Amino acid sequence: MLTWTRTSEGVVALRGEIDEKSVFDPLVHELKDGGALDLSGVDRINSVGVRSWLTFVQALDGNGKRVSLLACSVPVVHQLNMISRFAGDAKVASIHAPFLCPECESSSTRLVDTTNADVDAQLSAGVACPKCGAAMEFDDVPASYFAFLRQRR
């Protein structure tokens with residue numbers, strides 16, 4: 001089930017699954033032009049949810065509401081890469097990049113600022129494993145994981 005709350009900074013934070021039960025109509029009216037959506041809590045998106053999301057971003061675009069997408073979760077990034085209009089006219093400001101520890105196989109994510117052209121430097125800055133302290137490695141192919149950035153330029 002998808003829920004959302006407004007943070008003290010005015011950002012709307014989405015949590016849960018985007019699926020056949022997700023209803024975005026109230027959010028279209030609640031969001032203002034220049035608003036922001038925190039997508040760090042979106043943990044799954046199914047095919048019907050993709051359709052609902054696309055209708056939502058089209059409604060935002062149609063109402064002249066340009067928003068920013070913040071802290072996009074890994075499932076959101078996968079959709080950004082598979083569906084060219086998944087973000088609509090929204091600006092993708094930051095995403096979570098997956099990391100894996102080669103020592104203990106623990107996984108984690110690191111927030112990456114996608115408005116910064118030097119994504120590679122952010123990936124190579126190093127992430128310490130929260131479990132064992134070893135240096136974690138990016139757990140995807142950079143060219144594939146960040147392909148959506150090339151599509152939007």
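Note that the coordinates shown come from a computational prediction; the quantities given were computed from them, not determined experimentally. Along the sequence shown, residues carry numbers from 1.
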Find out if a path of hydrophobic residues (ILVMFWY) with successive side-chain heavy-atom gaps under 4.5 Å connects [X] to [Y].
X: F138; Y: L80; value: yes
X: I95; Y: M82; value: yes
X: V28; Y: W53; value: yes
X: I83; Y: L149; value: yes

* Asked: So S47 and V50, side-chain contact (heavy atoms from CB on, under 4.5 Å) or not? Walk me through it.
  -> CA-CA 5 Å; S47 58; V50 166; 5.5 Å; no
* Asked: Given the side-chain rings of F148 and F86, with only the six-membered ring counted for Trp, is the space between their centroids under 6.0 Å?
  -> no
Are the side chains of [Y] and [X] in contact, using a 4.5 Å heavy-atom criterion?
X: S108; Y: M136; answer: yes
X: F146; Y: D140; answer: no
X: R85; Y: V57; answer: no
X: V77; Y: Y145; answer: yes
X: I45; Y: H78; answer: no
X: E20; Y: N46; answer: yes
X: C72; Y: V92; answer: yes
X: L14; Y: L2; answer: yes

Spell out, as yes or no, whether a donor-acceptor pair under 3.5 Å connects the side chain of [X] to the backbone of [Y].
X: S40; Y: A71; result: no
X: D61; Y: D89; result: yes
X: T114; Y: A93; result: yes
X: N63; Y: K65; result: no

* **Side-chain donor-acceptor contact under 3.5 Å, Q122 with D113** => no
So how far is it from [X] [atom1] to [Y] [atom2], rounded to the nearest 0.5 Å?
X: S68; Y: D38; atom1: OG; atom2: CG; value: 12.0 Å
X: I18; Y: R51; atom1: CD1; atom2: CZ; value: 14.0 Å
X: S73; Y: R44; atom1: OG; atom2: CZ; value: 12.5 Å

* Step-by-step side-chain contact (heavy atoms from CB on, under 4.5 Å) determination, T115 to K91 -> CA-CA 9 Å; T115 63; K91 175 184 174 184; 3.3 Å; yes
Please report the closest heavy-atom contact between [X] and [Y], naming both atoms and the distance.
X: N81; Y: S144; result: ND2-O, 3.3 Å
X: C101; Y: C104; result: SG-N, 3.4 Å
X: A125; Y: R110; result: CB-NH2, 3.5 Å
X: G133; Y: A128; result: O-CB, 4.1 Å

* Which ILVMFWY residues can you reach from L70 by hopping between side chains whose heavy atoms are under 4.5 Å apart? -> V11
* **T109: side-chain hydrogen bond (donor to acceptor under 3.5 Å, both in side chains) partners, not counting sequence neighbours** => H96
Report all side-chain donor-acceptor pairs from residues 29-37 shorter than 3.5 Å, counting only partners two or more places apart or in another chain.
unit_1: E30; atom_1: OE2; unit_2: R6; atom_2: NH2; d: 3.1
unit_1: D33; atom_1: OD1; unit_2: R66; atom_2: N; d: 2.7

* Hey, what's the ring geometry for F24 with W4, parallel, tilted or perpendicular (30° and 60° as the breaks)? -> parallel
